[in-house]
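These figures come from a predicted structure and were not determined experimentally. Order of the sequence lines sets the chain letters (A, B, ...), proteins ahead of strands, with each chain counted from 1.
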Amino acid sequence: MTDLSTRIAGIYLGNPLMLASGILDENGYTMKRILEEGASAVVTKSIGLKERSGYSTPVVADLGHGDLLNAVGLSNPGIDKYGEEIKIAREARKPIIGSIFGSTPEEFSILAKKMEEFGVSAVELNLSCPHVKGEGLEIGSDPEMVESIVEAVKNSIKIPVFSKLSANTSSIMETVNAASKSDGFVLINTIRAMAIDIYAKKPVLSNGYGGLSGRSIKPVGIRYVYEVKKETGAQIIGVGGVSNAEDVIEYMMAGASAVQIGTAVGFHGRSIFRDIEKDLFGLAEKIGFSKISDLVGAAL
Amino acid sequence: MTDLSTRIAGIYLGNPLMLASGILDENGYTMKRILEEGASAVVTKSIGLKERSGYSTPVVADLGHGDLLNAVGLSNPGIDKYGEEIKIAREARKPIIGSIFGSTPEEFSILAKKMEEFGVSAVELNLSCPHVKGEGLEIGSDPEMVESIVEAVKNSIKIPVFSKLSANTSSIMETVNAASKSDGFVLINTIRAMAIDIYAKKPVLSNGYGGLSGRSIKPVGIRYVYEVKKETGAQIIGVGGVSNAEDVIEYMMAGASAVQIGTAVGFHGRSIFRDIEKDLFGLAEKIGFSKISDLVGAAL
Amino acid sequence: MMENVKIKWKKEETPTVSTLGFEWTRDVKIGQFIMVWEPGVGEIPMSLSSVTGTKSITVKNYGPTSASIVSKSAGDRLFIRGPYGRPFTMVKGKKLLIGGGSGMAALRPIIDSNSYGVVSARTSSELLFANLFEKGKVYEATDDGSSGVKGTPVDVLRKIDLDFEMIYVCGPEMMMKSVYDYLLGKVDQVEFTLERSMKCGIGLCDSCSVSGYQVCKDGPVFRIDQIGKMEEFGKWKLSYSGLRTKM
Amino acid sequence: MMENVKIKWKKEETPTVSTLGFEWTRDVKIGQFIMVWEPGVGEIPMSLSSVTGTKSITVKNYGPTSASIVSKSAGDRLFIRGPYGRPFTMVKGKKLLIGGGSGMAALRPIIDSNSYGVVSARTSSELLFANLFEKGKVYEATDDGSSGVKGTPVDVLRKIDLDFEMIYVCGPEMMMKSVYDYLLGKVDQVEFTLERSMKCGIGLCDSCSVSGYQVCKDGPVFRIDQIGKMEEFGKWKLSYSGLRTKM
Ligand SMILES: Cc1cc2nc3c(=O)[nH]c(=O)nc-3n(C[C@H](O)[C@H](O)[C@H](O)COP(=O)(O)OP(=O)(O)OC[C@H]3O[C@@H](n4cnc5c(N)ncnc54)[C@H](O)[C@@H]3O)c2cc1C
Ligand SMILES: Cc1cc2nc3c(=O)[nH]c(=O)nc-3n(C[C@H](O)[C@H](O)[C@H](O)COP(=O)(O)OP(=O)(O)OC[C@H]3O[C@@H](n4cnc5c(N)ncnc54)[C@H](O)[C@@H]3O)c2cc1C
Ligand SMILES: Cc1cc2nc3c(=O)[nH]c(=O)nc-3n(C[C@H](O)[C@H](O)[C@H](O)COP(=O)(O)O)c2cc1C
Ligand SMILES: Cc1cc2nc3c(=O)[nH]c(=O)nc-3n(C[C@H](O)[C@H](O)[C@H](O)COP(=O)(O)O)c2cc1C
Ligand code: FES
Ligand code: FES
């Protein structure tokens with residue numbers, strides 16, 4: 001019997017398929033349902049200290065071919081109120097990973113501690129949020145800041161800490177080294193992008209700029225997973241454009257111990273988790289594996 | 001009658017469609033044919049001081065959906081021998097832009113001067129080649145180096161100088177500011193990426209890593225064209241994923257005065273220039289323009 | 001994928017509601033919706049109030065985006081994407097349509113000679129599409145009693161025989177909750193169209209979810225037995241920020 | 001898009017040439033080619049030597065990549081993409097096939113009872129597919145005279161009547177150049193398959209171009225009048241780096 005289970009920083013996953021942050025994880029009931037319908041874990045929406053409305057609609061644009069552009073703008077109810085959603089989601093009795101964003105190491109620590117109190121299995125640091133000091137820059141592009149954040153969070157909680165990094169960088173290894181105290185890396189977040197409607201003569205998102213996700217960014221995600229695995233051997237969760245079983249295997253061969261699925265959940269529906277799981281069983285014979293975790297890094 | 005002509009740094013283009021660097025521009029006869037078959041200008045392959053074989057095959061991988069991964073590895077015959085190809089291409093009597101790469105300001109100046117001697121209309125600096133000092137980093141991610149290169153080249157030649165920038169950056173404005181003496185910017189080069197064949201359990205390119213081009217990167221190109229146009233008002237040539245007339249209009253509304261086409265020439269064939277030109281005439285009425293250059297920056 | 005269509009005609013249905021007709025070649029089923037984008041204003045979901053021939057939306061002037069749509073004229077462009085969502089189950093027999101406010105827009109394409117209606121609104125002038133039912137087949141309910149029963153659709157339902165092959169309900173969630181409570185146990189062929197704030201329309205953002213179901217994708221049409229399993233129906237919704245809010 | 005197929009059988013054709021058969025559902029026309037990838041070694045173009053039923057490639061052990069392909073066995077995987085390029089024009093009447101070295105691989109699917117062949121090679125044991133022609137319909141030419149005429153295909157052509165509906169030529173470019181020079185002005189229904197070093201196979205890299213035409217996309221099959229317009233044919237090619245080199 002093919003074994004699809006895997007582990008990331010000691011957390012057992014029944015299959016390598018997790019829900020990515022920001023997709024169907026605002027409402028506790030939705031997360032619970034997604035866990036019941038096949039995801040081995042969910043990552044929450046990125047949560048901050050205070051309630052935020054984010055940008056007004058349109059916040060997403062379907063670009064066709066499985067690609068999406070979004071600028072939701074980190075809307076969230078604030079950490080205190082979000083505990084209620086996690087409580088509901090925990091009824092599914094599977095790992096929940098709390099994603100958090102902030103602008104200082106202190107903010108990240110407070111958020112991480114609250115997440116730990118709410119009973120999540122790990123914390124994911126969204127290091128792609130805007131930097132207060134640098135204009136337009138992400139926190140993740142300031143290695144000193146990244147180092148302080150990871151250190152502060154690691155000192156505040158006992159559960160594993162994952163750093164989610166941006167692909168908008170000239171050197172991912174610089175950020176990886178700065179975040180080396182993390183228990184693992186989540187690669188990658190969306191890529192800076194934009195689309196213009198030529199009839200409206202306007203950007204299609206209310207915010208103008210947005211982040212590209214979906215099929216198009218898979219080769220970018222694969223590259224960074226491969227590079228970081230090769231350079232560090234660290235534990236990695238691959239994200240970006242996973243939409244079928246082949247994509248999962250590709251990420252795992254590049255070095256990921258598990259993957260997260262975002263955009264494709266929208267295009268395919270929540271059944272994507274069960275459908276990919278079924279296809280993974282089918283691929284086991286064609287590719288020749290009995291334990292999927294044996295494939296981690298097979299292409300390195 | 002719809003006017004499709006445009007200008008970039010004073011260079012007249014009969015239509016906004018140029019051939020991008022590295023695609024069908026190794027052999028002078030090919031460039032000549034492409035100019036005769038509808039491109040308003042061609043950019044040469046990036047040429048260095050000495051002959052280079054580049055990477056062994058596979059150097060490209062068709063990823064489907066109009067996407068391509070490549071790692072050609074800057075193969076070129078060396079600047080001295082390349083003059084012969086430019087001589088052949090010049091028989092078409094349309095602008096030729098000489099793309100050059102090097103690792104020091106001095107190298108870039110020597111190359112630029114040779115290109116000027118060969119009779120090109122402008123020089124395009126490929127600032128995405130590997131940096132000798134930084135491991136894995138591109139020259140374009142070192143602002144001081146970029147500044148020295150642009151300055152050195154500007155001091156060496158009289159024809160316009162375009163800086164072609166990478167999207168692999170946490171802040172494109174930093175590079176743009178460093179290259180502010182350029183007569184224009186060419187945005188963007190390929191995006192770092194990789195693909196693994198799960199049956200071969202190996203990267204599909206001989207070099208492992210490669211650059212993503214084609215349809216997928218268009219939203220990334222649009223974003224940087226928009227951002228740089230908005231911040232600087234500089235003249236811009238948009239590149240990345242242009243495959244039809246709508247894409248051309250989208251780049252122009254984002255701020256590009258002209259576009260370059262690479263990957264789509266392969267998938268569509270050389271006839272893409274004439275076909276897009278025809279479709280642009282068709283779109284003129286639907287969108288409402290009589291001079292295509294009036295659309296430059298319309299979405300800003 | 002965003003598309004754009006030219007508005008062919010515009011018709012004022014009530015003082016606050018207008019219908020916009022446009023040619024659109026996509027195949028649309030009754031109950032499905034589109035996302036309508038007003039560049040520079042916002043993007044909101046709208047049911048198709050006509051799904052064959054010239055298609056249409058029937059829009060209530062409510063907030064900024066709907067106001068902007070309603071202010072358009074024939075010849076203007078409408079930016080739309082879709083159609084999205086699961087449609088109604090169509091039946092041949094006698095059917096009852098219960099619509100509150102602009103909710104009648106989604107039900108409009110169902111109206112035929114075998115349809116009965118319960119049309120409700122704040123006041124008489126806002127009763128939408130009541131005139132499209134055959135004579136004697138429509139019941140009205142107004143908050144102010146200016147037309148028909150003074151009260152809610154439930155006040156009408158109490159008075160009529162529920163012998164229909166299918167009952168379709170669309171309106172504000174609290175109205176539907178009261179209809180649901182009344183119909184529960186009496187009939188089982190009922191479909192409700194839920195309305196939640198929608199950001200993406202394609203099952204990604206979670207803003208429209210009710211008890212784990214995405215209204216944009218699993219709905220907007222749900223059967224009464226599905227509604228019965230939704231703890232959040234008529235009780236909780238998430239605000240634009242994601243804050244759990246009592247209805 | 002890379003695909004992979006399992007090798008069904010392997011047949012040694014000459015001491016240096018083997019044919020590999022595999023099932024592949026794509027529709028292939030005679031004269032088209034595929035790119036064959038040997039992971040860790042290289043990727044090279046190969047004509048299909050059978051285009052219906054079980055497909056095949058016929059490979060000459062030449063350099064590292066072809067050697068690696070030839071060393072494979074039935075059951076092994078072959079990584080391929082394609083088919084690429086423009087095929088031969090098929091005719092019903094009498095035809096002449098002129099093949100040099102492994103060039104016969106591309107011509108093989110044309111061989112039928114109405115085909116005549118001029119098969120050339122360095123030496124007798126390397127004559128490829130000469131045995132597939134009907135008796136008396138094949139002429140041989142070897143550099144060392146070990147079989148047939150000692151010389152080139154042109155030495156054969158001089159001796160025969162050129163009354164064919166179509167002449168197909170495939171082989172080393174200098175051989176084809178001499179055939180071209182000989183046939184020019186005598187016949188006009190001739191098709192040549194050009195061979196150039198190919199990096200991309202899809203019309204992007206320019207490494208296969210001859211006078212502005214991409215052999216991978218506009219060819220590999222060209223008519224004699226097209227060849228006539230190619231200044232570079234038989235004269236110049238670009239090396240792997242792009243250096244203009246005399247042939
Ligand atoms: C499936 C479905 C079908 C519908 N069909 C119809 C129909 O046929 N006819 C009809 O009249 N109505 C219909 N509606 C209701 C209609 O979509 C709403 O009336 C409409 O969204 C109101 O938008 P508004 O901008 O006019 O009003 P507002 O209430 O001002 O805006 C609501 C919208 O504004 C945005 N928004 C809200 N708060 C914030 C904030 N804090 N920050 C930024 N943005 C915010 C959101 O996009 C929200 O959806 C339907 C709804 C659904 C779900
Ligand atoms: C359309 C077409 C159809 C063909 N059909 C057949 C056929 O049916 N049968 C057959 O036997 N042959 C065929 N050939 C010829 C065949 O492709 C060559 O013999 C083959 O490329 C030889 O490759 P090799 O690696 O074995 O030899 P080599 O000569 O060692 O390698 C040639 C290849 O290696 C790479 N290379 C060369 N120089 C360098 C360098 N400096 N750095 C890095 N890489 C380099 C290139 O990819 C080059 O194409 C065909 C060729 C074409 C163009
Ligand atoms: C609508 C949307 C919202 C997102 N919100 C977040 C977020 O709040 N925090 C975060 O770390 N990533 C967020 N992401 C990024 C995803 O988690 C993921 O990294 C990215 O979409 C790539 O994966 P995909 O191609 O499978 O979607 C969001 C993505 C989308 C599409
Ligand atoms: C095969 C290939 C080779 C390329 N070589 C170069 C090069 O030598 N110099 C350069 O500046 N860009 C090079 N590029 C990048 C293109 O010029 C262009 O910036 C990129 O491909 C995006 O455009 P596209 O999507 O239209 O292909 C190359 C791209 C491809 C696909
Ligand atoms: S509107 Fe986004 S999930 Fe339904
Ligand atoms: S092989 Fe690249 S253009 Fe023909």
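For A:K202, the part lying near chain B is the backbone, with the side chain staying farther off; criterion is any non-hydrogen pair under 4.5 Å. Residue A:L283 touches chain B through its side chain alone, counting heavy-atom pairs closer than 4.5 Å. With a 4.5 angstrom heavy-atom cutoff, B:Y226 touches chain A via backbone and side-chain atoms both.
Counting heavy atoms from C-beta outward, A:S216 and B:K218 have side chains that stay 4.5 Å or more apart. No side-chain heavy atom of B:I172 sits less than 4.5 Å from a side-chain heavy atom of A:R192. Residues A:Y199 and B:I249 have side chains not in contact (no heavy-atom distance under 4.5 Å, counting atoms from C-beta outward). Using a 4.5 Å cut-off on side-chain heavy atoms (C-beta onward), B:V220 and A:L212 make contact.
Contact count versus chain B (heavy atoms, under 4.5 Å) is highest, among A:R215, A:M252, A:M253, A:E227, for A:R215. Taking A:I287, A:L300, A:L69, A:D197 one by one and counting their heavy-atom pairs under 4.5 Å with chain B, the maximum is reached by A:I287. By number of non-hydrogen pairs under 4.5 angstrom with chain B, the leading residue of A:M173, A:K286, A:M194 is A:M194. Of the listed residues (B:L295, B:T169, B:I191, B:I222), the greatest number of heavy-atom pairs within a distance under 4.5 Å of chain A belongs to B:T169. Chosen from A:V225, A:I217, A:I196, A:N168, the residue pairing most often with chain B at heavy-atom distances under 4.5 Å is A:I196.
B:I198 CD1 to A:Y251 OH: the interatomic distance, rounded to the nearest 0.5 Å, is 14.0 Å.
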Identify all side-chain donor-acceptor contacts of residues 237-246 of chain B below 3.5 Å with residues at least two apart in sequence or on another chain.
residue : atom : partner : partner atom : Å
B:S243  : OG   : B:D247  : OD2          : 3.4
B:N244  : OD1  : B:E246  : N            : 3.1
B:N244  : OD1  : B:D247  : N            : 2.9

Listed pairs under 3.5 Å, donor-acceptor, residues 204-211 of chain A side chains, sequence neighbours left out:
residue : atom : partner : partner atom : Å
A:S206  : OG   : A:S56   : O            : 2.5
A:N207  : ND2  : A:Y209  : O            : 3.0

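The two residues B:P203 and A:A299 make their nearest non-hydrogen contact at CD-O, 3.8 Å.
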